[in-house]
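These notes concern the structure reproduced below.
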Amino acid sequence: MLVLFETPAGYALFNLLDDGKLHKPDELEKAFASSESANKAIKLRAFSKFENTTDAMAAVTGIVEGKVPKNLKKFLDDEIGEAGVKKETLIVGDAKLGASIAKKLGIKVLSDSTTNELLRGIRSQLESLLSGIPSADLRAMQLGLAHSLSRYKLKFSPDKVDTMVVQAISLLDDLDKELNTYAMRVKEWYGWHFPEMSKIVVDNVAYARVVKLMGVRTNAAAADLSTILPEELELQVKTAAEISMGTEISPEDVANITYLCDQVVSLSDYRASLSSYLRQRMNALAPNLTAMVGELVGARLIAHAGSLINLAKYPASTVQILGAEKALFRALKTKHDTPKYGLLFHASLVGQAAPKHKGKMARVVATKASLSARVDALGETTTPDLGISLRAVAENRLRHLEGRAAGISNKSAAKGKPKQDKVELTAGKSYNTAGDAVGAPAVSEEKKEKKEKKDKKEKKGKKDEDAMEVDTAAEAGAETNGEKKKKKKEKREQEDRAADGEERKEKKVSH
């Protein structure tokens with residue numbers, strides 16, 4: 001029975017001297033306990049060495065994919081031959097590779113759980129079995145081949161380096177801050193000379209180019225601003241320059257302002273080129289994520305997560321609030337509502353939604369963006385087909401939310417209208433002739449007059465009693481007020497007497 005064993009240095013073919021030990025794991029373990037017993041149990045028949053690292057890498061990748069490399073097929077054909085194919089049985093560690101060898105060479109292959117213990121024993125005593133290869137060289141070959149195989153599995157490509165995207169979006173944000181600072185400084189500085197122009201030309205870059213071309217405002221009439229401004233704005237600038245209330249500035253001031261305008265224009269041009277570079281990088285690195293949320297939002301998500309792999313590991317709930325960590329922990333600490341979105345607030349789909357639907361759309365976009373990031377990071381596709389389809393699903397969800405809201409508002413508006421009650425016509429009341437009586441009205445009028453006179457008398461008596469009670473209360477209040485005044489007067493007299501007594505004593509003591 002033959003055993004095929006792959007090593008970093010090449011292919012090794014062994015002869016198993018005792019086939020009966022294969023089904024006895026305890027005996028196999030004892031057989032490979034030492035190098036001497038291992039050489040008695042198994043013997044090296046042939047060894048095919050790899051010519052270089054490229055040859056080894058090609059062989060290993062073929063074996064990993066379950067294919068038979070050309071050098072392995074040639075090695076087995078030479079060593080086993082046509083006569084040995086029918087007689088021998090080949091033990092192979094990988095089941096896929098064993099099936100491919102059996103199909104191509106027609107040899108009987110054994111690759112199941114019973115062979116694992118044998119291969120484990122060969123691996124433990126490989127240095128003694130392969131006496132011609134030093135252990136240090138074998139370890140170096142293992143390390144180099146492992147690195148090469150890892151690169152192959154990752155399918156490393158310079159277009160997939162997300163570090164460039166992280167640096168580019170960070171630089172883009174810094175450029176925006178610097179451009180705003182420089183542009184505001186230009187407007188404040190030149191505004192002393194021509195303050196009216198800042199209200200006419202709103203764009204920062206156009207403002208800097210106009211200042212650079214025009215210089216002093218007296219040159220506005222002769223300057224050609226048609227390449228920078230529309231015809232209407234050009235006319236407004238020239239008209240305002242003639243009646244401007246700004247102060248005069250020296251040529252040195254104009255030179256420094258012009259130099260600052262050059263910086264603004266150059267920075268804006270570099271920002272435009274950096275933005276196009278970032279767009280290209282994002283389309284190569286994460287095409288589906290770019291199609292879903294755009295290159296700027298996608299790049300900020302990758303930069304905030306650290307890498308595309310880290311972003312792919314995040315759940316959709318984390319992607320939804322990525323960038324709002326401070327608000328999240330503040331809400332948890334104060335027991336308030338947690339934020340509904342972070343960096344995804346700047347996505348176009350979330351921005352298009354109504355304020356009451358932004359949270360729902362942020363959740364939908366986060367779910368689709370998470371799927372897109374996983375496909376970009378771990379998949380092999382380079383087309384944005386999935387991102388486009390997921391964006392279509394999100395857009396349908398947005399339309400559904402807006403349509404449902406419109407339907408609800410229409411229903412509520414219809415409910416708010418007051419309903420008009422139905423009017424039923426009924427017959428009017430007929431005249432009752434039985435109520436007619438002679439002399440009855442005179443009797444009722446006499447009773448009414450007597451009752452009214454009695455009520456007037458009772459009301460008058462009540463008024464008199466109330467007046468008496470008020471007078472008695474007033475008299476009692478007056479008496480109490482008089483008593484209070486008397487007490488106060490007596491107290492003052494006592495204090496005056498005491499003060500006079502003390503003055504007399506002091507005079508006697510002085511005499």
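It should be emphasised that the depicted structure is a prediction, and the values quoted were computed from it without experimental measurement. The figures that follow rest on heavy atoms only: side chains count, while hydrogens, waters and symmetry mates do not.
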| Donor-acceptor under 3.5 Å (Asp253 side chain, Ile249 main chain) | no
| said: On a heavy-atom basis, which atom in Leu390 and which in Leu371 lie closest, and how many Å separate them? | reply: CD1-CB, 4.2 Å
| request: List the steps, then state whether side-chain contact (heavy atoms from CB on, under 4.5 Å) holds for Leu274 with Tyr277. | output: CA-CA 5 Å; Leu274 184 64; Tyr277 164 78; 4.1 Å; yes
| query | How far apart are the C-alpha atoms of Arg271 and Leu267, what are their side-chain angles, what is the distance that settles it, and do they pass the side-chain contact (heavy atoms from CB on, under 4.5 Å) test? | reply | CA-CA 6 Å; Arg271 189 202 177 283; Leu267 281 176; over 6 Å; no
| message | Return the OG1 to NZ distance between Thr7 and Lys49, rounded to the nearest 0.5 Å. | response | 10.0 Å
| message | To the nearest 0.5 Å, what is the distance between NZ on Lys340 and CD1 on Ile321? | response | 13.5 Å
| message | What I'd like to find out is whether the side chain of Glu234 reaches to under 4.5 Å of the side chain of Asp224, using heavy atoms alone. | response | yes
| Should Leu308 and Val165 count as side-chain neighbours, where that means a heavy-atom distance under 4.5 Å? | no
| query | Is Ser370 reaching over with its side chain to a backbone N or O of Thr367, donor-acceptor style, under 3.5 angstrom? | reply | no
| said: Minimum heavy-atom separation for Val264 and Leu179, please, with both atom names. | reply: O-CD2, 3.5 Å
| query | Quick one: are Val365 and Met361 in side-chain contact, heavy atoms under 4.5 Å? | reply | yes
| Sidechain-backbone polar pair: Thr290 side chain, Met282 backbone, donor-acceptor under 3.5 Å | yes
| Over 12 non-hydrogen atoms of neighbours within 6.0 angstrom of OH in Tyr182 | no
| Side chains of Arg391 and Ser348: is there a donor and an acceptor less than 3.5 Å apart? | yes
| task | Specify the closest pair of heavy atoms between Asp337 and Ala331, including all atoms of both residues, with the distance to one decimal. | result | O-CB, 3.3 Å
| cation_pi(Lys358, Tyr341) dist<6.0 Å, angle<=45 | no
| said: Minimum heavy-atom separation for Leu4 and Leu76, please, with both atom names. | reply: CD1-CD2, 4.4 Å
| query | Is it true that a side-chain atom of Glu325 and a backbone atom of Gly323 form a donor plus acceptor pair closer than 3.5 Å? | reply | yes
| task | Nearest 0.5 Å please: distance from the CG atom of Leu13 over to the CG atom of Leu44. | result | 8.0 Å
| said: Please check: side-chain N/O of Lys67 versus main-chain N/O of Ala59, any donor-acceptor pairing under 3.5 Å? | reply: no
| Short question: side chain of Thr239, backbone of Leu235 - any donor-acceptor pair under 3.5 Å? | yes
| request: Check side chain to side chain contact (heavy atoms under 4.5 Å, CB included) between Ser35 and all other residues, then give those that pass, not counting sequence neighbours. | output: Gln125, Ser128
| More than 12 non-hydrogen atoms from neighbouring residues, nucleotides or ligands closer than 6.0 Å to NZ on Lys313, yes or no? | no
| query | Within a radius of less than 6.0 Å around NZ of Lys238, do more than 12 heavy atoms belonging to other residues, nucleotides or ligands occur? | reply | yes
| said: Under the criterion side chain to side chain donor-acceptor pair (under 3.5 Å), I'd like the reasoning laid out for Glu395 against His400: C-alpha separation, chi angles, the key distance, then a yes or no. | reply: CA-CA 9 Å; Glu395 289 174 350; His400 174 69; over 6 Å; no
| Does the side chain of Ser266 pick up a donor-acceptor pair with the side chain of Asp269 at under 3.5 Å? | no
| query | Should Asp77 and Lys70 count as an ion pair when the cut-off is N to O under 4.0 Å? | reply | no
| query | Hey, is the main chain of Arg330 close enough, under 3.5 Å, to the side chain of Thr334 for a donor-acceptor pair? | reply | yes
| query | Within the side chain of Glu79, is there an N or O that forms a donor-acceptor pair under 3.5 Å with the backbone of Ala46? | reply | no
| query | Within a strict 4.5 Å, meaning less than it, do heavy atoms of the Pro287 and Asp376 side chains meet? | reply | yes
Could you pull out every donor-acceptor pair under 3.5 Å between side chains of residues 100-110 and any protein atom, sequence neighbours left out?
residue : atom : partner : partner atom : Å
Ser100  : OG   : Gly66   : O            : 2.6
Ser100  : OG   : Lys96   : O            : 3.2

| Donor-acceptor contact below 3.5 Å, side chain Asn310 vs main chain Gly306 | no
| task | Verify side-chain contact (heavy atoms from CB on, under 4.5 Å) between Leu289 and Ile302, making sure each step is shown before the conclusion. | result | CA-CA 10 Å; Leu289 184 63; Ile302 293 172; 4.2 Å; yes
| message | Does this structure show an ion pair linking Arg300 with Asp173, if we count only N-O contacts that are shorter than 4.0 Å? | response | yes
| said: Could you tell me if the side chain of Glu6 sits less than 4.5 Å from the side chain of Leu97, heavy atoms only? | reply: yes
| query | Thinking salt bridges, do Arg185 and Glu188 make one under a 4.0 Å N-O criterion? | reply | yes
| From Leu343 CG over to Leu296 CG, what is the distance, rounded to the nearest 0.5 angstrom? | 11.5 Å
| task | Begin from the C-alpha positions of Lys368 and Val293 and carry the test side-chain contact (heavy atoms from CB on, under 4.5 Å) through to its verdict. | result | CA-CA 9 Å; Lys368 307 307 180 188; Val293 296; over 6 Å; no
| message | Just verifying a value: how many Å separate Lys187 NZ and Met197 CE, rounded to the nearest 0.5 Å? | response | 9.0 Å
| request: Give the minimum heavy-atom separation between Leu229 and Ala206, together with the two atoms involved. | output: CD2-CB, 4.4 Å
Let me check something: any side-chain donor-acceptor pairs from residues 211-220 under 3.5 Å, sequence neighbours excluded? List them with distances.
residue : atom : partner : partner atom : Å
Lys212  : NZ   : Asp262  : OD1          : 3.0
Arg217  : NH1  : His193  : O            : 2.5
Arg217  : NH1  : His193  : ND1          : 3.2
Arg217  : NH2  : Gly246  : O            : 3.3
Arg217  : NH2  : Glu248  : OE2          : 3.3
Asn219  : ND2  : Met214  : O            : 3.4

| query | Ile91 versus Leu2: any side-chain heavy-atom pair under 4.5 Å? | reply | no
| query | Should Val254 and Tyr190 count as side-chain neighbours, where that means a heavy-atom distance under 4.5 Å? | reply | no
| field | For Val375 against Leu386, the heavy-atom pair lying closest together | value | CG2-CD2, 3.2 Å
| Is the backbone of Ser372 close enough, under 3.5 Å, to the side chain of Asn288 for a donor and an acceptor to pair up by distance? | no
| message | Do Tyr11 and Asn71 pair up side chain to side chain, a donor and an acceptor below 3.5 Å, judged on atom types alone? | response | yes
| task | Answer whether the closest heavy-atom distance between the side chains of Asn204 and Asn180 falls below 4.5 Å. | result | yes
| How far does CZ of Arg279 sit from OG of Ser275, to the nearest 0.5 angstrom? | 4.5 Å
